[in-house]
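The structure appears below as structure tokens.
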Amino acid sequence: MRVLIDACVLYPTVMREVVLGVAETGVFQVRWSDRILEEWARAARKIGPEGEVIARGEISLLSSRFADAVVPQHGGLEARLWLPDPADVHVLAAAIAGSCDTILTMNAKDFPRNILEEEGLSRCDPDGFLRDLLADHPDLVRPVAERVLAEARRLSGSDWTMRALMKKARLPRFGKALTA
């Protein structure tokens with residue numbers, strides 16, 4: 001299964017690390033465009049100028065971890081597409097160009113299911129997507145979540161619980177399923 005990852009899933013860190021960690025197990029293949037990566041870098045400016053620098057470093061690392069993830073842009077494809085938010089048409093175009101099955105995004109309203117279905121695509125939110133993958137592949141998904149939790153504890157110096165970390169990362173149902 002090929003999954004186009006929207007910028008809102010790549011930034012914030014915990015969500016990205018869980019999603020991409022699961023992808024590295026081979027459960028699914030990730031795709032994105034250079035423009036999506038650029039959106040992530042610009043969004044990281046919100047935490048200050050160092051945020052963008054850090055994001056660009058992380059993007060470079062992702063390029064080596066997922067060498068085949070970048071989908072080339074197809075301007076002609078974008079011209080024939082429509083979404084409620086014209087700024088998101090490039091995401092849909094990348095999903096189509098990358099022969100993806102689904103778009104993983106937090107922005108449900110910007111990607112109506114009926115429009116996606118016309119292009120042979122579906123839309124998933126990261127929380128439900130990861131919860132479903134946990135149910136289907138617990139032996140692959142659970143260790144990824146545990147590594148992310150251990151790293152969050154190490155970096156923050158706080159004794160995070162799995163449920164609290166995933167809730168903060170906007171993955172509450174996934175966190176609940178991990179602790180059930």
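For reference, positions follow the sequence shown, starting with 1.
- When all heavy atoms are compared, the tightest approach of Leu116 to Phe111 is CD1-O, 3.7 Å.
- Under a 3.5 Å cut-off, the side chain of Asp125 and the backbone N or O of Gly128 do form a donor-acceptor pair.
- Residues Pro72 and Asp34 fail the side-chain proximity criterion, which asks for heavy atoms closer than 4.5 Å.
- When all heavy atoms are compared, the tightest approach of Val71 to Gly98 is CG1-N, 3.6 Å.
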task: Would you sort out whether Ile36 and Ile5 count as a side-chain contact (heavy atoms from CB on, under 4.5 Å), showing the intermediate values?
output: CA-CA 8 Å; Ile36 289 170; Ile5 310 294; over 6 Å; no

message: The test is salt bridge (charged side-chain N to carboxylate O under 4.0 Å, His left out); show your working for Arg147 and Glu151 and say whether it passes.
response: CA-CA 6 Å; Arg147 280 194 304 274; Glu151 185 67 359; over 6 Å; no

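- Counting only distance, with no hydrogens or angles, the side chain of Arg2 and the backbone of Arg31 share no donor-acceptor pair below 3.5 Å.
- Between the side chain of Arg131 and the backbone N or O of Arg173, no donor-acceptor pair lies under 3.5 Å.
- Arg142 places a side-chain N or O within 3.5 Å of a backbone atom of Leu178 that can act as its donor or acceptor partner.
- Looking at Gln29 and Phe66, their side chains never come closer than 4.5 Å, going by heavy atoms from C-beta outward.
- Arg56 places no side-chain N or O within donor-acceptor distance of the main-chain N or O of Ala41, the cut-off being under 3.5 Å.
- Taking all atoms of both residues into account, the shortest heavy-atom contact from Ser156 to Ala152 is OG-O, 2.7 Å.
- Leu104 is not listed as a side-chain neighbour of Val30, based on a closest heavy-atom distance of 4.5 Å or more.
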message: One pair to check against side-chain contact (heavy atoms from CB on, under 4.5 Å): Thr179 and Met166. What are the steps and the verdict?
response: CA-CA 11 Å; Thr179 58; Met166 294 306 152; over 6 Å; no

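- Just one residue in the list Thr105, Leu171, Val3, Val22 forms a side chain to side chain contact (heavy atoms under 4.5 Å, CB included) with Phe129, and that residue is Val3.
- Checking side-chain atoms of Arg45 against main-chain N and O of Glu52 turns up no donor-acceptor pair under 3.5 Å.
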task: Take Phe28 and Leu133 through the test side-chain contact (heavy atoms from CB on, under 4.5 Å) and record every step on the way to the result.
output: CA-CA 10 Å; Phe28 66 95; Leu133 290 178; 3.8 Å; yes

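- Annotation: side chain of Asp110 is not in contact with side chain of Leu83 (no heavy-atom distance under 4.5 Å).
- For Thr25 (side chain) and Gly21 (main-chain N/O), no donor-acceptor pair under 3.5 Å exists by modelled atom type.
- Closest heavy-atom contact between Ser64 and Leu61: OG-O, 2.8 Å.
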task: Check the pair Ile54 / Glu58 against side-chain contact (heavy atoms from CB on, under 4.5 Å), numbers first and verdict last.
output: CA-CA 6 Å; Ile54 292 167; Glu58 290 171 341; 3.8 Å; yes

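- The shortest distance between side-chain heavy atoms of Leu149 and Glu146 does not fall below 4.5 Å.
- Smallest separation of non-hydrogen atoms from His90 and Ser33: ND1-OG, 4.3 Å.
- A pairwise comparison of heavy atoms in Val27 and Leu140 identifies CG2-CD1, 3.6 Å as the closest pair.
- Hydrophobic clustering, with ILVMFWY side chains joined whenever heavy atoms are under 4.5 angstrom apart, groups Met106 together with Leu165.
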